[in-house]
Undergrad: 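Sharing a structure, written as structure tokens. Questions coming.
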2 protein chains.
Amino acid sequence: MGPRNPTISDVAERAGVSVPTVSRVLTGAARVSPQKRELVEAAIAELNFRPSSAARALVSRKSRTIAVIAGNTSRYGYAETIRGVEIAARAEGYTVMIIVVESADEDEVDRAVSVVLTQTLAGVVVLKFDPPGVAALKQIPAALPVVALSGTRETGVRQAVLDEAAAAEELTDYLLGLGHRTVHHVRVPPSRRVDGRTTGWKRALTTAGAPVPPVHDATWDPKSGIAIGRDLAADPSVTAVFCGNDEIAMGVMRGISEAGLRVPQDISVAGFDDHPLAELWSPPLTTVEQDFSGLGGRGFQLLLEGVDGTGDRRYSSERPRLILRDSTAPPSPVRG
Amino acid sequence: MGPRNPTISDVAERAGVSVPTVSRVLTGAARVSPQKRELVEAAIAELNFRPSSAARALVSRKSRTIAVIAGNTSRYGYAETIRGVEIAARAEGYTVMIIVVESADEDEVDRAVSVVLTQTLAGVVVLKFDPPGVAALKQIPAALPVVALSGTRETGVRQAVLDEAAAAEELTDYLLGLGHRTVHHVRVPPSRRVDGRTTGWKRALTTAGAPVPPVHDATWDPKSGIAIGRDLAADPSVTAVFCGNDEIAMGVMRGISEAGLRVPQDISVAGFDDHPLAELWSPPLTTVEQDFSGLGGRGFQLLLEGVDGTGDRRYSSERPRLILRDSTAPPSPVRG
DNA sequence: GTGAAAGCGCTAACAA
DNA sequence: TTGTTAGCGCTTTCAC
């Protein structure tokens, strides 16, 4: 096994003080004389002592660890959001635990919530982007500080939001303003019956008195956009398409070009998220910039305020920004 | 505050047994009579009791939490590797803590190692893809079970590897076999002085007796490939380019097309990683499939074997697979 | 198979 | 300002 880690009593002994005095130096909970403080600090450095967070959590019922509950960790929006949470947490001396909930199944959600209950946590950030996130959020005990992160304000919990509906509406308006009779929509898997992107799209069409065509459903796999793109290209009334994210838009564009049509000359295609590759795509993608890492950061701040009672905000919203590039243009005179 | 969480003594009282008996049911450490077991299980369910992992960690000096130390969490290879670790860990009932080390600065690495020492961990997985990862790995105390994940076998620690050098060599050989006189290389930020991709590329050229042109250095930002692509296009002797990852390859291809040349007719471009969008790109990218999530999973398994003494493997390697698509072709007769 | 007793490493409450 | 005492919630001896 080797020599065990030094404990607080090793430090106390070496510094010639009592254990609580070492604790006071560690936590800053009470004043300690400069002389003793120095002795303690020297002992800590010599022994390379690190306080056990398990012991601390046990006795103080507090911890500097938060959990992020997410349905996924590696897709762009998720990964960036988690990164934003982690950066903000790290800046405040907090550590992040990842809890993945792959489905909204009761067993799966229970398991995740069990982990949360087992751990001593300062709080929980839930990525409410999908059904697993929504289901997990519901099961978190009310006693635990929680912040939900999502694209639409929905529940009573503290939450940070990217106002997707407003951005989707703006993007759809822009396409209509270009002269398109209507805008078709390819939806990514929604978190509930509706999602903000679809809502904003529909609102823009309705407001403008434009027809609302049936929604096309894609999976998270960008390739699922290819067949949809081909279908869209086969319908001569289609001149503009708004896709639920950039990756699907890329798939759709590939399908359109496989069908022999060009973007944007024959069909305009817009995405959502401003994926790092959106600008590099040919043609560069018109899209909506979502500050996911900012969302994560705001979410963590909101959580902290909830934990220490600072601030009374329960809600933080931000409007994603339209990014106009070359994948959208006025409609072709021959189509439509 | 509300009512505090139920403890093991609440369960014991309710079930009419002693605390250690509840503990035995929880851990399975010793046999308990069926009757008592049933009583205990009923009490646990009624109270919705979850054992405190802090208390467990404190007394048993064990835990079911591992830490993943990484220089980044959201770039494709990192995110997928972490996802692989998490999936494998979850399957075995382990929870994952994320520790990000943004630079190899002493302070930054110290902070990360401090977190590791503070926590009671079953073990640590280090993503040794970059200098922060390399630096962090060095500082981890020997007493803690550790597995390193990387693209090149290097140190004495337990490690899971994707043999990048072998794959890069195979890819370069393929390009030479197509008739290219040599292959140029755009390198992504390496983990040390050398990285496997560059090593394999150089080995293939040397073995074939082909000239070894100077390496072009890109950043992690795909856009950094654009200027490099333009430069490469300006040099008429360039007919084939091997890029350190797919995103850089996409940037390079954009630079080449901005210079008025075509891929693969004028210049062949190959990437590395098989990014989800590589297949959708125009033209679809020739690349090397890296099973990052598999790497993460193998890494976790190796760690577990180290923790419980099962298995004596200290090393797990896998050869990434060449994916031939349309961005590579024989050299143009007019260039080169 | 079961319970009583001890104690993990730390912080909180109280006295001095 | 400092030390003494108690105890967080659990597992681990050790008797029985």
Side-chain angles (χ1 to χ4, degrees), chain A residues 1 3-41 43-44 47-65 114-115 117-122 143, chain B residues 1 3-41 43-44 47-65 114 116-122 143:
Chain A
M1 283 282 111
R4 68 167 185 20
N5 290 337
T7 71
I8 195 171
S9 27
D10 296 329
V11 174
E13 188 179 346
R14 177 150 197 147
V17 301
S18 71
V19 167
T21 294
V22 178
S23 175
R24 285 172 194 122
V25 171
L26 252 28
T27 63
R31 256 178 291 283
V32 173
S33 69
Q35 307 88 297
K36 301 224 164 182
R37 170 180 301 277
E38 207 163 306
L39 286 169
V40 169
E41 279 165 354
I44 288 174
L47 296 172
N48 193 26
F49 166 78
R50 294 290 182 294
S52 149
S53 61
R56 286 185 147 178
L58 183 59
V59 62
S60 71
R61 296 150 181 291
K62 283 180 200 138
S63 103
R64 287 244 172 197
T65 298
S114 246
V115 173
L117 292 175
T118 294
Q119 235 72 31
T120 306
L121 295 172
Chain B
M1 285 284 112
R4 64 168 189 21
N5 288 338
T7 70
I8 195 172
S9 27
D10 297 329
V11 174
E13 189 178 346
R14 177 151 196 146
V17 301
S18 70
V19 166
T21 295
V22 178
S23 175
R24 286 174 192 119
V25 171
L26 254 26
T27 62
R31 257 178 292 281
V32 173
S33 70
Q35 308 89 296
K36 302 224 163 183
R37 169 181 300 277
E38 206 163 306
L39 285 168
V40 168
E41 278 165 353
I44 287 174
L47 296 172
N48 192 29
F49 165 79
R50 294 287 180 295
S52 151
S53 61
R56 285 187 148 176
L58 184 59
V59 62
S60 70
R61 294 149 182 292
K62 283 181 200 140
S63 104
R64 287 244 171 198
T65 298
S114 245
V116 163
L117 291 176
T118 294
Q119 237 69 34
T120 306
L121 296 172

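In what follows, chains carry the letters A, B, and so on, assigned in the order in which the sequence lines appear, proteins first and then strands, with residues in each chain numbered from 1.
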Undergrad: Taking 4.0 Å as the cut-off, does a side-chain nitrogen or oxygen of A:K36 come that near to OP1 or OP2 on D:dG3?
TA: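 Yes, A:K36 has a side-chain N/O under 4.0 Å of OP1/OP2 on D:dG3.
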Undergrad: Hey, what bend do you get for the helix from C:dG1-D:dC16 to C:dA16-D:dT1 if you fit axes on five pairs at each end, rounded to 10°?
TA: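 Taking the rotation axis at each end, their angle is 30°.
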Undergrad: Closest to the A:V59 side chain: D:dG9, D:dT4, C:dC10?
TA: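 Among D:dG9, D:dT4, C:dC10, the one nearest the side chain of A:V59 is C:dC10.
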Undergrad: Roughly, in whole Å, what's the span from CZ in B:R31 to P in D:dT12?
TA: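 Distance, rounded to whole Å: 16 Å.
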Undergrad: Look at A:S18 and D:dG3 and indicate whether a side-chain polar atom (N or O) is within less than 4.0 Å of OP1 or OP2.
TA: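 Answer is yes, contact under 4.0 Å.
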Undergrad: When you get a sec, tell me which of D:dC10, C:dC10, D:dT2 is the closest nucleotide to the side chain of B:S52?
TA: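 Within the option list, the nearest is D:dC10.
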Undergrad: Using atom CD of B:Q119 as one end and atom P of C:dC10 as the other, report the distance to the nearest whole Å.
TA: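 Taking CD of B:Q119 and P of C:dC10, I get 13 Å after rounding.
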Undergrad: Look at B:T7 and D:dG9 and indicate whether a side-chain polar atom (N or O) is within less than 4.0 Å of OP1 or OP2.
TA: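 Checking B:T7 against D:dG9: no side-chain N or O falls below 4.0 Å of OP1 or OP2.
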Undergrad: Reckon A:P20 touches a base, only the sugar-phosphate, or nothing at all at heavy-atom distances under 4.0 Å?
TA: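 Here A:P20 touches the bases of the nucleic acid.
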Undergrad: Do any side-chain nitrogens or oxygens of B:S9 fall under 4.0 Å of OP1 or OP2 in D:dG9?
TA: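 For D:dG9, neither OP1 nor OP2 has a side-chain N or O of B:S9 closer than 4.0 Å.
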Undergrad: Nearest to the A:V32 side chain among C:dA4, D:dT2, C:dT11, which nucleotide is it?
TA: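 Side chain of A:V32 sits closest to D:dT2.
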Undergrad: Please determine if a side-chain N or O atom of A:R61 lies less than 4.0 Å away from the OP1 or OP2 oxygen of D:dC8.
TA: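 Answer no for this pair, as no side-chain N or O of A:R61 is under 4.0 Å from OP1 or OP2.
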Undergrad: Please report the distance, rounded to the nearest Å, between CG in A:L47 and P in C:dG9.
TA: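 The distance from CG of A:L47 to P of C:dG9 comes to 14 Å, rounded to the nearest Å.
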Undergrad: Would you mind classifying the nucleic acid contact of B:V22 as base, sugar-phosphate or nothing, using non-hydrogen atoms under 4.0 angstrom?
TA: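 No contact at all - B:V22 keeps every heavy atom at 4.0 Å or more from the nucleic acid.
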Undergrad: Expressed as a whole number of angstroms, how long is the span from B:L58:CG to C:dA6:C1'?
TA: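 After rounding, the gap between these two atoms is 13 Å.
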Undergrad: Rounded to the nearest Å, what distance is computed from the CD1 atom of residue B:I44 to the P atom of nucleotide D:dC10?
TA: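 Nearest whole value for this atom pair: 10 Å.
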Undergrad: With respect to the side chain of B:L26, which nucleotide from D:dT11, C:dA12, C:dC10 is positioned closest?
TA: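 Output: D:dT11.
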Undergrad: Please evaluate the base of D:dG9 for a donor-acceptor partner in the side chain of B:R4 within a cut-off of under 3.5 Å?
TA: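 A donor-acceptor contact between them is absent.
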Undergrad: With a 4.0 Å limit, can you tell me whether B:T21 has a side-chain N or O closer than that to the phosphate oxygens OP1/OP2 of C:dG1?
TA: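 Checking B:T21 against C:dG1: no side-chain N or O falls below 4.0 Å of OP1 or OP2.
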Undergrad: In whole angstrom, give the distance that lies between atom CD1 of B:I8 and atom C1' of C:dG3.
TA: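 In whole Å, C:dG3 C1' and B:I8 CD1 are 13 Å from each other.
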Undergrad: Could you state the CZ-C1' distance from B:R50 to D:dC10, rounded to the nearest angstrom?
TA: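 Answer to the nearest Å: 16 Å.
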Undergrad: Please give, in whole Å, the distance from D:dC8 C1' to B:N5 CG?
TA: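 In whole Å, D:dC8 C1' lies 13 Å from B:N5 CG.
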Undergrad: Can you tell which of D:dT4, C:dT2, D:dC10 lies closest to the side chain of A:R24?
TA: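 Nearest to the side-chain atoms of A:R24, counting from C-beta on, is D:dT4.
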Undergrad: Could you check A:A54 against A:K62 and say which one's nearest nucleotide on DNA chain C is further toward the 5' end?
TA: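 Counting from the 5' end, the first nearest nucleotide belongs to A:A54.
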Undergrad: Taking the side chain of A:S33 as its heavy atoms from C-beta onward, which of C:dT11, C:dG3, D:dT2 lies nearest to it?
TA: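 Of the options given, the side chain of A:S33 lies nearest D:dT2.
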Undergrad: Hey, is CD on B:E38 packed in by over 12 heavy atoms from elsewhere, all under 6.0 Å?
TA: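 Counting other residues, nucleotides and ligands, CD of B:E38 stays at 12 neighbours or fewer.
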Undergrad: Would you say the side chain of B:D10 lies within less than 4.5 Å of the side chain of B:R4, judging by non-hydrogen atoms?
TA: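 Side-chain contact under 4.5 Å: yes.
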